[in-house]
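By convention in this document, chain letters (A, B, ...) are assigned in the order of the sequence lines, proteins followed by strands, and residues within each chain are numbered from 1. Quick caveat: nothing in here was measured; it's all calculated off a predicted structure.
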2 protein chains.
Amino acid sequence: MTKKYISELKPIDEVFSVWDVLTPDERQFVRNNYSVHHFKKNEMIQIEGERPTHMMILAMGKVKVTKEGVGGRNQIIRMLRPGEHFSYRGIIANDVYSTNVSAFEDSVIYMIKADIFLSILRHNNAFCYRFLEELSTDLAASDARTVNLTQKHIRGRLAEALLFLKKNYGLEEDGATISIYLSREDLANLSNMTTSNAIRTLSNFANEHVIAMDGRKLKIIDEERLKRISKIG
Amino acid sequence: MTKKYISELKPIDEVFSVWDVLTPDERQFVRNNYSVHHFKKNEMIQIEGERPTHMMILAMGKVKVTKEGVGGRNQIIRMLRPGEHFSYRGIIANDVYSTNVSAFEDSVIYMIKADIFLSILRHNNAFCYRFLEELSTDLAASDARTVNLTQKHIRGRLAEALLFLKKNYGLEEDGATISIYLSREDLANLSNMTTSNAIRTLSNFANEHVIAMDGRKLKIIDEERLKRISKIG
DNA sequence: TGAAAACAATGTTTTATAGCACAAATTTAG
DNA sequence: CTAAATTTGTGCTATAAAACATTGTTTTCA
């Protein structure tokens with residue numbers, strides 16, 4: 001596994017998508033001041049309510065951003081792919097973390113100290129603007145998510161989640177299997193329903209030949225149908 | 001009414017909260033390039049799906065930001081007070097409006113053309129950073145809202161909405177009446193429930209002496225109780 | 001390797017909330 | 001100033017989804 005990391009892990013200048021707007025000095029500054037952290041599956045990376053210390057970049061693996069709700073029930077807010085930034089919102093808003101982040105699978109994360117991140121933000125306008133764009137996009141996504149989760153019925157929400165997973169993580173070589181394997185519980189937390197209902201609805205979809213299941217491997221058979229189910233709610 | 005506007009309307013340099021980070025040149029630039037628009041109660045200010053043309057600042061009045069959901073049911077995403085910025089997210093993300101905005105009551109809005117706003121954003125780092133802060137705060141609020149609306153029960157959601165209204169718009173001189181009068185329908189759209197349920201739950205709160213009602217005027221009698229109801233969901 | 005834990009599947013019961021219908025009150029407009 | 005339209009208030013019904021219970025299956029790890 002470590003072997004795999006060493007061979008596949010991209011350097012920070014390739015992973016950090018805003019590298020192009022950094023000056024040579026800033027690049028050197030970042031190179032001298034970032035750290036690499038490995039997290040095992042299910043390990044917590046950031047905890048809601050704590051003070052942010054670093055801005056983070058997912059270098060390898062998959063992580064989930066969750067929020068604890070009523071009665072400890074927790075909801076998946078966002079799921080990240082390598083190259084995505086996180087843990088920086090609280091730094092900017094001078095706020096504690098508003099979410100938990102944990103590793104879905106073994107992951108590698110590049111971290112840049114908060115003060116270093118802030119100092120670049122405050123001196124490099126193009127850099128600042130990139131994050132402004134990112135938050136603008138995230139905000140629309142969050143608002144859309146609120147409406148989807150509150151107004152759609154179970155089938156619509158699960159269909160939406162499956163389409164999201166496909167879009168976000170892509171398909172395997174067979175052109176149908178979604179390239180991320182979630183537990184039924186995670187799938188439920190993503191679609192705001194109980195685990196039993198995720199299981200039940202998944203079974204229904206399989207009976208209707210909209211999807212096919214093999215344990216945690218989910219194949220999308222009839223994407224059009226799934227889109228229709230998601231649309232009508 | 002027009003009289004009232006003329007006498008109470010603050011000039012843009014007082015309303016636009018980021019004025020302090022503008023250079024003298026930029027201030028003049030904005031002064032020469034903004035426009036003032038009056039909207040009547042219930043009038044649409046921006047429409048979901050259209051291309052953004054201006055960044056806007058609410059100078060006077062109250063507006064609501066909504067999003068259309070399944071079956072035309074629409075949800076209140078945000079409610080603004082004078083001094084708050086809106087309509088700029090889409091400009092930055094180069095996206096169409098993701099929400100509707102309409103006037104709750106007669107309102108006055110200052111508008112700055114998109115290209116002018118963008119040009120300042122791209123040249124003035126402190127200005128850019130201010131909006132970065134604003135979006136960071138809004139994003140956490142949106143995520144929190146998602147969890148509240150999806151996990152809390154009707155009573156909890158309505159209690160939360162009442163507390164929000166109090167916090168956002170304050171109380172009248174009597175120290176109890178919330179300084180905004182919403183229709184039951186708007187209150188329902190804010191708390192993600194049907195109008196009947198908003199009415200019913202409001203009656204329950206009144207019977208329990210948590211609030212008192214006089215038409216659209218809502219008095220908070222027992223704020224602690226309301227907080228508890230909101231908390232337990 | 002075998003026991004314990006975690007996960008998946010499914011049926012049954014209960015409950016919260018939407019949906020509907022209708023009456024009363026209030027606001028708006030001709 | 002009246003008629004129409006909108007908003008508010010209530011009761012009843014239907015139903016989606018949670019909660020609970022049980023059993024089988026897979027994974028973990030001591």
(request) Give the intermediate values and the outcome of side-chain contact (heavy atoms from CB on, under 4.5 Å) for residues B/Tyr97 and B/Ser87. (result) CA-CA 7 Å; B/Tyr97 287 134; B/Ser87 267; 3.6 Å; yes

(request) May I have the distance from B/Asn192 (atom CG) to C/dA16 (atom P), rounded to whole angstrom? (result) 17 Å

(message) Strictly distance-based, threshold 3.5 Å: is any side-chain N or O of B/Asn168 a donor or acceptor partner for the main-chain N or O of B/Met79?
(response) yes

(message) What is the distance, to the nearest angstrom, from the CG atom on B/Asn42 to the P atom on C/dT27?
(response) 15 Å

(request) Please report, rounded to the nearest Å, how far the C1' atom of D/dT26 is from the CG atom of A/Asp214. (result) 13 Å

(message) In this structure, how many angstroms lie between the P atom of C/dT27 and the NZ atom of B/Lys41, rounded?
(response) 10 Å

(message) Among C/dT17, C/dA18, C/dC7, which nucleotide has an atom closest to any side-chain atom of A/Glu185?
(response) C/dC7

(message) From CG of A/Leu158 over to C1' of D/dA18, roughly how many Å is that when rounded to an integer?
(response) 16 Å

(request) Please tell me which of the listed nucleotides, C/dA9, D/dA17, C/dG19, lies nearest to the side chain of A/Ile154? (result) D/dA17

(request) Walk me through it: do A/Phe131 and A/His85 pass the test ring-ring contact (aromatic ring centres under 6.0 Å, His included)? (result) CA-CA 9 Å; A/Phe131 282 92; A/His85 315 125; 5.0 Å; yes

(message) Is there a side-chain contact between B/Asn197 and the phosphate of C/dA16, meaning an N or O under 4.0 Å from OP1 or OP2?
(response) no

(message) D/dA18, OP1 or OP2 - any side-chain N/O from A/Arg200 closer than 4.0 Å?
(response) no

(request) Quickly work out the B/His153 NE2 to C/dT17 P distance and round it to whole Å. (result) 5 Å

(message) What contact category does B/Arg155 fall into here, base, sugar-phosphate, or nothing, at under 4.0 angstrom with non-hydrogen atoms?
(response) nothing

(request) Would you tell me if any nitrogen or oxygen in the side chain of B/Arg184 comes within less than 4.0 Å of OP1 or OP2 on D/dG9? (result) yes

(request) Specify the separation, in whole Å, of atom CG of A/Asn204 and atom C1' of D/dA16. (result) 13 Å

(request) Among C/dT17, D/dT10, C/dT10, find the nucleotide with the atom closest to the side chain of B/Ser203. (result) D/dT10

(request) Between D/dA18, C/dA8, D/dT10, spot the one nearest the side chain of A/Arg73, thanks. (result) D/dA18

(request) Ignoring backbone atoms, establish whether A/Thr195 has a side-chain N or O less than 4.0 Å from OP1 or OP2 of C/dC7. (result) no

(request) Let me know, please, whether B/Leu182 or A/Met193 comes out on the 5' side of the other along DNA chain D by nearest nucleotide. (result) B/Leu182

(request) Specify the separation, in whole Å, of atom CD1 of B/Ile199 and atom C1' of C/dC22. (result) 13 Å

(request) Tell me, with the steps shown, if B/Ile45 and B/Val63 meet side-chain contact (heavy atoms from CB on, under 4.5 Å). (result) CA-CA 9 Å; B/Ile45 297 162; B/Val63 305; 3.7 Å; yes

(request) Select from A/Leu202 and B/Thr194 the residue whose nearest nucleotide in DNA chain C is closer to the 5' end of that strand. (result) A/Leu202

(request) Would you verify whether the NZ or CZ of B/Lys64 falls within 45 degrees of the ring axis of B/Phe104 while also being under 6.0 Å from that six-membered ring's centre? (result) yes

(request) From the options C/dA18, D/dA19, D/dT8, select the nucleotide whose nearest atom is closest to the side chain of B/Arg157. (result) C/dA18

